[in-house]
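Here is the structure we will look at, set down as structure tokens.
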Amino acid sequence: MEVKPLTGGLGAEIVGADIRREDQFDAIKSAFVEYSVIALRGQSVSPQEHLTFARRFGPINVNRFFKPVDGHPEIATVLKEKDQKEAVGEGWHTDHSYDQEPAMGSILHALEVPPHGGDTLFVSMAAAYEALSPTMRGFLDDLWAVHSSRHVFGASIVDTEAAKSGRLGNAEAATQDTLHPVVITHPLSGRRGLFVNPVFTTEIKGLSADESAAVLGMIYDHCKQPEFQCRLRWQVGDIAIWDNRATWHKAINDYHGFRRLMHRVTVEGVALTR
Ligand code: SIN
């Protein structure tokens, strides 16, 4: 098994791994903690084997809003049909940040990919935090932010293509609002990193609406710099694991006219602390 870093900021590709092999799990998990995003090539595994691998990280966190895979309620379908315009996860986000104990990470298995495009971009929230000035880090260290699912998965989605096509549903379950520190200490690595994201974070507690928007806007512009990013080009059979406590991600919607089908399993996390 060979671990090959994708960029200086985050991400690694592991060659020669088989997620079905229990004896390789510790090495895969160590790489996950170190690089935050792991790509395992050529894993043409069954939904059951996908779930077995995910359970080695921890219990499964079932997504409330994505359409489940037939016969596998713990696996979410991430699908864009060739005649659809919107992709799942197009905005920069951290999965499940609206939960009190945000999911540890997500494990995506590529089943059908377009001939070009459909990549996923990731940002290292620790690298972004470390690149801020000590004065800005000190200011952000004491802040808390509100995260919510309501405006993303609630009643407003009912008229969207995703809801009409059945890709997203259960809008009445979008009732989560929670507070997390703006800067967290990663539960596994101990590294400090930013924990706010453009899709689910709604405001910084204790600031006026204008101040909150300005501070979040500054953080978001800073995080989007290419120095903190890596890009995953998918091939059928790839499995990627990303750490929600250390990254943002974004699905690039540049493959109109082609189908892209992924299975996503999300693993339970813990409450986050400063
Ligand atoms: C997601 O946001 O979980 C989906 C990412 C992707 O499809 O690339």
Side-chain angles (χ1 to χ4, degrees), residues 6 10-11 13 32 36-41 43 47 50-51 54 57 60-69 72 74-82 84-99 102-125 147 149 151-153 157 160-163 165 167-170 174 197-201 223-224 229-256 258-269:
L6 289 173
L10 83 163
E13 186 178 51
F32 167 75
S36 305
V37 179
I38 295 298
L40 298 142
R41 305 294 186 187
Q43 310 292 315
H50 187 179
L51 284 165
F57 284 93
I60 308 302
N61 176 314
V62 179
N63 185 282
R64 303 167 187 85
F65 311 111
F66 286 28
K67 184 178 178 210
V69 170
H72 297 281
E74 294 161 301
I75 306 181
T77 308
V78 174
L79 170 67
K80 184 181 169 220
E81 296 284 7
K82 57 183 177 185
Q84 293 178 335
K85 295 277 174 293
E86 298 162 11
V88 173
E90 282 185 54
W92 285 112
H93 66 285
T94 299
D95 296 334
H96 297 212
S97 77
Y98 46 79
D99 282 329
M104 178 208 84
S106 299
I107 305 178
L108 201 65
H109 186 205
L111 300 178
E112 280 180 60
V113 298
H116 46 75
D119 300 348
T120 309
L121 281 177
F122 297 88
V123 167
S124 165
M125 301 306 285
H147 298 241
S149 63
H151 59 293
V152 181
F153 296 119
I157 69 154
T160 63
E161 179 188 76
S165 64
R167 285 188 299 180
L168 289 181
N170 216 13
N197 67 87
V199 170
F200 296 118
T201 307
C223 290
K224 287 174 192 165
Q229 295 183 10
C230 74
R231 181 175 188 129
L232 235 168
R233 294 229 152 91
W234 293 95
Q235 291 157 25
V236 170
D238 287 350
I239 284 208
I241 317 160
W242 61 82
D243 188 329
N244 282 323
R245 291 84 53 94
T247 59
W248 281 353
H249 62 280
K250 169 185 168 54
I252 302 181
N253 187 7
D254 61 350
Y255 55 96
H256 301 305
F258 297 102
R259 192 172 198 255
R260 180 179 185 270
L261 172 65
M262 324 291 261
H263 282 180
R264 196 181 90 180
V265 177
T266 303
V267 178
E268 292 281 11

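Whatever order the structure lists ligands and atoms in, that order sets their numbers, starting from 1.
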| Sequence neighbours excluded, which residues qualify as salt bridge (Lys or Arg N to Asp or Glu O under 4.0 Å) partners of R233? | D119

Distances for all N or O pairs of ligand 1 and the protein under 3.5 Å?
{"unit_1": "ligand 1", "atom_1": "2 (O)", "unit_2": "H93", "atom_2": "NE2", "d": "3.0"}
{"unit_1": "ligand 1", "atom_1": "2 (O)", "unit_2": "H249", "atom_2": "NE2", "d": "3.0"}
{"unit_1": "ligand 1", "atom_1": "3 (O)", "unit_2": "R264", "atom_2": "NH1", "d": "2.6"}
{"unit_1": "ligand 1", "atom_1": "7 (O)", "unit_2": "R260", "atom_2": "NH1", "d": "2.8"}
{"unit_1": "ligand 1", "atom_1": "7 (O)", "unit_2": "R260", "atom_2": "NH2", "d": "3.4"}
{"unit_1": "ligand 1", "atom_1": "8 (O)", "unit_2": "T120", "atom_2": "OG1", "d": "2.6"}
{"unit_1": "ligand 1", "atom_1": "8 (O)", "unit_2": "R260", "atom_2": "NH2", "d": "2.8"}

| field | Residues which pass salt bridge (Lys or Arg N to Asp or Glu O under 4.0 Å) with D254, listed by chain and number, not counting sequence neighbours | value | none

| query | Has the side chain of H109 got a donor or acceptor atom that lies under 3.5 Å from a matching backbone atom of Q43? | reply | yes

| query | Looking at F258 versus H116, is the centre-to-centre ring distance below 6.0 Å? | reply | yes

| query | Does any N or O in the side chain of N170 come within less than 3.5 Å of the main-chain N or O of R64, such that one atom is a donor and the other an acceptor? | reply | yes

Throw together a table of side-chain donor-acceptor distances under 3.5 angstrom for residues 75-82, partners on residues two or more places apart or in other chains.
{"unit_1": "T77", "atom_1": "OG1", "unit_2": "K67", "atom_2": "O", "d": "2.9"}
{"unit_1": "K80", "atom_1": "NZ", "unit_2": "N253", "atom_2": "OD1", "d": "2.8"}
{"unit_1": "K80", "atom_1": "NZ", "unit_2": "H256", "atom_2": "ND1", "d": "2.8"}
{"unit_1": "E81", "atom_1": "OE1", "unit_2": "R259", "atom_2": "NE", "d": "2.8"}
{"unit_1": "E81", "atom_1": "OE2", "unit_2": "R259", "atom_2": "NH2", "d": "3.4"}

